[in-house]
Amino acid sequence: MRENIKQAYEKTKPLLEQEFLKIDKICEENSAKIIEAFWKNKVSEIHFNSTTGYGYGDIGRNTIEAVYATIFKAEDALVRNQLISGSHALSTTLFALLRPNDLLLSITGTPYDTLHEVIGIKENKSSLKSFGIKYEEINLKNNDFDETKIIEFLKQNKVKVIEIQRSKGYSTRKSITIEQLEKIISKIKKISPDTIIMVDNCYCELVSTKEPIEVGADICVGSLIKNMGGGIAPNGAYIVGRKDLIHLCAERLTLPGEGKEVGPSLGINREFLKGLFLAPSIVRNSLKTAVLTSALMDELGFEVEPKYSETRADIVQNIIFHNKEDLIHYCQGIQTFSAIDSASLPIPDDMPGYDDQVIMAAGTFTQGSSIELSCDGPLREPFIAYQQGSLTYEYGKISVLNAINYLLEKKNN
């Protein structure tokens, strides 16, 4: 390993200690929250059961949903392996809540790429737009909500659903903290109390000690191959919130009249529960790996966001390379020093749901699992690597140090 990387690591180690203590404290609080939800809902071995076919009377599935509702302080929850991803859960929720001529408003600018065809930003005959649902968006201002524009818009328009994407996605903005979320929700509710506030919580769960429902959101959505699955859940997603809204989402996922009553667990309950049990620790490891990456890359002269000592809203660490070669080489380094598929070399390519070519590195046990160490980014200015995850800090540190070494070796050849 290059000497300057070793020196940078030794220099940053003392800086990390205080940040790691903060992360440990959040992990302890969230661990208490989750185990208390297990106790309250009397989780037992019988809840590891499996159902097939229609899935009637699946007590394990029903208990998992009760546990999620308890953790998020929600009235109800939908936690299903039939939800294949966070984007699928978001699409299900939007189609469940919106009707022709309704208005959807995003107040965090343009949503993540995979929602463009769902909404109709990019033409698709199955989009919300094709069903006559209208869409508008308001950009953030100085990395915070543009309160003036939002309030003015709500006074002039009847908005059925407001969508808030907390994590930055493939944008250059900062992610939204729980404090920012609480502040804007309180203002929206005063102006437009009937508007449904939906939060895309992907990558943000358990990063702080509060979740969106606790600060006034009506419904909240996330993926189980990110934070809440703890690296164990092999697929799935959750939707939590008001009981009437969860009912609509369940009927959209399955069918009207049956809703939450159907949907076989197919042996997934044990993995969902075990992953949830481990989630606070796995998120802690991901955050420590992100903080280490930020401090090291900053010390080596690369542009990073957030800085190692900044308050974090999600597990994502940006490294802004400003050239495609460094982006590609860093992602290739992460792949090369992952446990799985280390012999593979990722290259940029077209991907469904994305406008630009994307390079994706993920040496993961579960395909596409971004709570495991992964790194990806679109090939567009300013060429940002979006790194997230790591099941353990130790493995994360090993991979990141070697990936940086790989990048610098390529730069000097």
Where at least one partner belongs to residues 228-265, residue pairs that pass ring pair (Phe, Tyr, Trp, His ring centres under 6.0 Å), sequence neighbours excluded: Y68-Y238, F72-Y238
Pairs where residues 318-342 contributes a residue and the test salt bridge (Lys or Arg N to Asp or Glu O under 4.0 Å) is met, not counting sequence neighbours: D326-K411
ring-ring contact (aromatic ring centres under 6.0 Å, His included) against F272, all qualifying residues, sequence neighbours excluded: none
No-hydrogen, no-angle side-chain donor-acceptor test under 3.5 Å, S369 and T364: no
Shortest non-hydrogen contact between V262 and L255, atoms and distance: CG2-CD2, 4.3 Å
Of all pairs that satisfy salt bridge (Lys or Arg N to Asp or Glu O under 4.0 Å), the ones with a partner from residues 385-405, not counting sequence neighbours: none
Sequence neighbours excluded - salt bridge (Lys or Arg N to Asp or Glu O under 4.0 Å) pairs with any residue from residues 184-202: E147-K187, K189-D218
Reported CD1-to-CG distance for the pair I282 and L206, which is rounded to 0.5 angstrom: 11.0 Å
Where at least one partner belongs to residues 180-202, residue pairs that pass ring pair (Phe, Tyr, Trp, His ring centres under 6.0 Å), sequence neighbours excluded: none
Residue pairs fulfilling ring pair (Phe, Tyr, Trp, His ring centres under 6.0 Å) with at least one residue in residues 183-212, sequence neighbours excluded: none
Over 12 non-hydrogen atoms of neighbours within 6.0 angstrom of CD in Q367: no
Partner set under ring-ring contact (aromatic ring centres under 6.0 Å, His included) for F145, not counting sequence neighbours: none
Parallel, tilted or perpendicular, as decided by the 30° and 60° cut-offs, for the rings of F321 and Y330: tilted
Inter-residue atom distance R99.CZ - L97.CG, 0.5 Å rounding: 7.5 Å
By ring-ring contact (aromatic ring centres under 6.0 Å, His included) - contacts of F365 (at least two apart): none
Where P280 and I34 come nearest, the two heavy atoms and their spacing: CG-CD1, 3.5 Å
Partner set under side-chain hydrogen bond (donor to acceptor under 3.5 Å, both in side chains) for Y170, not counting sequence neighbours: D376
Separation of N41 CG from H47 NE2 (nearest 0.5 Å): 8.5 Å
Donor-acceptor side-chain pairing of S127 and E117 below 3.5 angstrom: no
Shortest non-hydrogen separation from I213 to K73 and the atoms involved: CG2-O, 3.3 Å
Criterion side-chain contact (heavy atoms from CB on, under 4.5 Å) on C204 and V199, from CA distance to verdict: CA-CA 11 Å; C204 300; V199 175; over 6 Å; no
Side-chain H-bond candidate by donor/acceptor type, S309 with E19, under 3.5 Å: no
Single hit among R312, E305, Q388 for side-chain hydrogen bond (donor to acceptor under 3.5 Å, both in side chains) with Q317: R312
Partners passing side-chain hydrogen bond (donor to acceptor under 3.5 Å, both in side chains) against T12 (at least two apart in sequence or in another chain): none
side-chain hydrogen bond (donor to acceptor under 3.5 Å, both in side chains) partners for T254, two or more places apart: none
Closest approach of P212 to C220 (non-hydrogen atoms, all atoms of both residues): CG-SG, 3.8 Å
CG (L379) with more than 12 external heavy atoms under 6.0 Å: yes
Which atom of R166 lies closest to which atom of L181, heavy atoms considered: CD-CD2, 4.1 Å
NZ (K260) with more than 12 external heavy atoms under 6.0 Å: yes
Between N269 and N49: side-chain donor-acceptor atoms closer than 3.5 Å: yes
Distance, nearest 0.5 Å, that separates NE2 of H116 from CG of N124: 13.0 Å
Over 12 non-hydrogen atoms of neighbours within 6.0 angstrom of CD in E381: yes
